[in-house]
Amino acid sequence: MSYAELAAAARGNIGPFCKACPVCDGRACAGVMPGPGDKGVGHVAEKNWRAWQSVSVNMDTLHEFFSADTRTTVLGRELSLPVMIGPVGDVQRHYGEKYDTVSYNRCVLTAAAGEGTLAWTGDGLDGSIMTKACGLIDELGGAGVPTVKPWDEVTLGHKLEEALAARPAAVAMDIDAAGLPFLRGQQPPAGAKSAAQIADVATRCHEGGVPFVLKGVMTPAAALRAAEAGVDAIVVSNHGGRVLDGTPATAAALPAIVDAVGERVEVLVDGGIRSGLDVFRALALGARACLVCRPFVVAAFGGGEDGVRAYLAQLRAELADAMEMCGSATVVDVTRDLLWG
Ligand SMILES: Cc1cc2nc3c(=O)[nH]c(=O)nc-3n(C[C@H](O)[C@H](O)[C@H](O)COP(=O)(O)O)c2cc1C
């Protein structure tokens, strides 16, 4: 099934907020929160998507015939394609009855592992969500990335303990989550963290033998502070526009961040990446791999685990096509000179 077919199948069972559009471009749900939209006037999700469309690629088929190899390594783990499934918390509230966060996590974790990649799981005020996600990741031999919120020290301590016990591929923190309207003034409290506090979290993860990823970095200065704090990877992300209106598109922020940190940390990116061609664009702008989030919810509602696997396979095939049409046999060959202008 193609993504458009999965979206058509999802319509009717996905609840009132998500319109399961053929292309998840942030327009139909602009500003819709609760729901899958974004904060304030609601332009950032669409801005993310548009920015990838404005990146043109250099077609060049004057090369030896090859079948592109989409495999890559992220944080020491081989993935069959440079795409992971981004975390979604509170699935039922934002998308409807068919899945709660636990059953959604089970669906995407299993599908991603089956396709040779990873799903990330979200976190929320209900502590049992993280507990169950970590249990599932443990069952899958660590194939998953629990993403903890920047809680107060005591809560964070418990969550890290749970996450590390699952021996996951990495532990992540969405450092930008305090901007979520649902987290404001709640218990436990969540908020910004200093570089020293982040260094502490990184050390705890490293003592547990697990890499630590900071998600929600949007400036070269913050990326450098993260690198100095000892994080292993960052995700250039504006949380799909859900935490602050008026941020730049992630595609616009990415190149300067890559240039600033060089090889010191692995740079991942998310926000509006919808096709294998978008993945190619992200790699060419310097990302090591991408996260794709909202469309996987639609794929799950439209086709369950098979739907999620089908969309991953579609992204892999589209990426391979772009690589073959631009003369890059492997993902490390996808470099900035393959972009036009
Ligand atoms: C309904 C919803 C819930 C989300 N929950 C989380 C979460 O719990 N943790 C997190 O790090 N990001 C969360 N995100 C952000 C996504 O992981 C991702 O950063 C963002 O949606 C941009 O990617 P996309 O444009 O591919 O959706 C959520 C996004 C949506 C739409």
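Count residues from 1 along the sequence. For ligands, and for the atoms within them, numbers begin at 1 and follow the listed sequence.
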Side chain of [X], backbone of [Y]: donor and acceptor closer than 3.5 Å?
X: Trp340; Y: Met59; answer: no
X: Arg11; Y: Ala20; answer: yes
X: Arg294; Y: Pro36; answer: yes
X: Arg281; Y: Trp52; answer: yes

Shortest protein contact, [atom] (heavy atom only):
atom: atom 15 (C) of ligand 1; value: His239 CD2, 3.4 Å
atom: atom 20 (C) of ligand 1; value: Gly240 N, 3.5 Å
atom: atom 21 (O) of ligand 1; value: Arg294 NH1, 3.5 Å
atom: atom 16 (C) of ligand 1; value: Cys293 SG, 3.4 Å

To which of [options] does the heavy atom nearest [atom] belong?
atom: atom 9 (N) of ligand 1; options: Val32, Asp174, Asn238; value: Asp174
atom: atom 6 (C) of ligand 1; options: Cys29, Pro87, Pro34; value: Pro87
atom: atom 8 (O) of ligand 1; options: Arg242, Lys215, Lys149; value: Lys149

Consider side-chain hydrogen bond (donor to acceptor under 3.5 Å, both in side chains). Of Thr247, Asp270, Asp176, Asp38, which one does His239 pass it with?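 The passing option is Asp176.
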Which heavy atom of Ala119 sits nearest to which heavy atom of Leu109, and what is that distance? O-CD2, 3.6 Å
Classify the contact between Ser237 and ligand 1 as side chain, backbone, both or neither, using a heavy-atom distance cut-off of under 4.0 Å.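 It is the side chain that gets close, since no backbone atom is under 4.0 Å.
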Would you mind running through ligand 1 and noting each atom that sits below 4.0 Å from a heavy atom of [X]?
X: Arg274; answer: 24 (P), 25 (O), 26 (O), 27 (O)
X: His94; answer: 1 (C)
X: Thr147; answer: 11 (O)
X: Gly89; answer: 3 (C), 4 (C), 5 (N), 6 (C), 7 (C), 8 (O)
X: Asp123; answer: 8 (O)
X: Gly271; answer: 22 (C), 23 (O), 25 (O)

With nothing but distance in play, are any N or O atoms of [X] less than 3.5 Å from an N or O of ligand 1?
X: Ile273; result: no
X: Gly272; result: yes
X: Leu291; result: no

May I ask whether Asp270 has any heavy atom positioned less than 4.0 angstrom from an atom of ligand 1? yes
If we only consider heavy atoms of Val88, is any one of them less than 4.0 Å away from an atom in ligand 1? yes
Hphob cluster co-occupancy, Val74 + Val331, side-chain heavy atoms under 4.5 angstrom: no
Any link between Val261 and Val258 through a network of hydrophobic side chains (Ile, Leu, Val, Met, Phe, Trp, Tyr) touching at under 4.5 Å?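 Shared cluster, yes.
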Over 60° means perpendicular and under 30° means parallel, so classify the ring planes of Tyr99 and Phe301, tilted if in between.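 Answer is perpendicular, since the angle exceeds 60°.
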Step through the shown structure and confirm whether more than 12 heavy atoms of other residues, nucleotides or ligands are within 6.0 Å of CZ on Arg71. no
Out of Lys159, Lys132, Lys149, which residue meets the salt bridge (charged side-chain N to carboxylate O under 4.0 Å, His left out) rule with Asp123?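 The residue from Lys159, Lys132, Lys149 that satisfies salt bridge (charged side-chain N to carboxylate O under 4.0 Å, His left out) with Asp123 turns out to be Lys159.
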Say whether Ser103 and Asp100, considering side chains only, have a donor N or O and an acceptor N or O under 3.5 Å apart.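 Distance-only check passes for Ser103 and Asp100.
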